[in-house]
Amino acid sequence: MSIAADQAEVILVGCGAPLRGMGWYHAVQMLGGECPSAKLCHIVEPWFLGPGAAGPGGPEFAEFAKQHPDVQFHKSLADVPPVAEGVKRLALISG
């Protein structure tokens, strides 16, 4: 995954359910190029990648993850790899 010099690598923390979560909406904005200085690289979603995976919204979240193979999905911030040298990174926390 390449990051342009004028972009920041984004970690979205708390994506939420597709079509319902504010984090999901922010993800869609970045994936759609509406924030040209942001490149969505990581989504941290402990609920839908953990105990909520089989509950309401879980299957929709799994489908959303499948549709975006260029984004890495993590259950915890601890699972996000270290930032590469020279890359700007920010975390967007949504709830």
Side-chain angles (χ1 to χ4, degrees):
M1 174 181 321
S2 64
I3 306 291
D6 61 345
Q7 288 183 311
E9 180 181 285
V10 176
I11 303 170
L12 176 62
V13 181
C15 184
L19 299 174
R20 292 181 293 226
M22 196 68 223
W24 172 84
Y25 182 69
H26 292 316
V28 168
Q29 289 174 318
M30 287 183 276
L31 292 167
E34 294 178 50
C35 306
S37 61
K39 172 93 173 176
L40 182 59
C41 297
H42 304 276
I43 292 179
V44 176
E45 179 47 63
W47 178 249
F48 289 120
L49 293 174
E60 293 88 350
F61 184 83
E63 183 60 30
F64 173 70
K66 269 191 209 175
Q67 292 171 353
H68 300 286
D70 291 340
V71 178
Q72 295 180 41
F73 288 78
H74 311 280
K75 188 175 178 181
S76 166
L77 271 173
D79 299 333
V80 176
V83 66
E85 187 173 331
V87 174
K88 298 169 279 201
R89 181 186 268 181
L90 68 90
L92 189 157
I93 303 171
S94 253

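Keep in mind that what you see is a predicted model, and the values were worked out from it rather than measured.
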Rounded to the nearest 0.5 Å, what's the gap from NZ on Lys75 to CH2 on Trp47? Could you check? 10.5 Å
Qualifying ring pair (Phe, Tyr, Trp, His ring centres under 6.0 Å) pairs with a residue from residues 70-95, counting only residues at least two apart or across chains: His42-His74, Phe61-Phe73
Could you state whether Val28 and Val13 fall into the same hydrophobic cluster, counting links through intermediate Ile, Leu, Val, Met, Phe, Trp or Tyr residues with side-chain heavy atoms under 4.5 angstrom apart? no
Distance check, rounded to the nearest 0.5 Å: Cys41 atom SG versus Ile11 atom CD1? 8.5 Å
To the nearest 0.5 Å, what is the distance between CD (Gln29) and CH2 (Trp24)? 9.5 Å
I need the minimum non-hydrogen distance between Val44 and Leu77, along with the two atoms involved. CG1-N, 3.7 Å
Shortest non-hydrogen separation from Gly55 to Pro59 and the atoms involved: O-CD, 3.4 Å
Which heavy-atom pair separates Met30 from Ala38 by the least distance, and what is that distance? SD-CB, 3.9 Å
Pro46 to Pro51 - nearest heavy-atom pair and separation: O-CD, 3.8 Å
Taking salt bridge (Lys or Arg N to Asp or Glu O under 4.0 Å) as the definition, give me every residue that meets it alongside Arg20, ordered by chain and number, with sequence neighbours left out. none
Solution key, residues 80-95 side-chain donor-acceptor pairs under 3.5 Å, sequence neighbours excluded:
| unit_1 | atom_1 | unit_2 | atom_2 | d |
| --- | --- | --- | --- | --- |
| Lys88 | NZ | Ala5 | O | 2.8 |
| Arg89 | NE | Glu9 | OE2 | 2.6 |
| Arg89 | NH1 | Pro81 | O | 3.0 |
| Arg89 | NH2 | Glu9 | OE2 | 2.6 |
| Arg89 | NH2 | Pro81 | O | 3.0 |

Please report the interatomic distance CG(Leu31) to CG(Leu12), rounded to the nearest 0.5 Å. 9.5 Å
Taking all heavy atoms of Ala27 and all of Phe64, pick out the closest pair and write down the distance. CB-CZ, 4.1 Å
Indicate the atoms forming the closest heavy-atom contact of Gly57 with Pro18, along with that distance. O-CD, 4.3 Å
Just by distance, do the side chain of Glu45 and the backbone of Gly16 share a donor-acceptor pair under 3.5 Å? yes
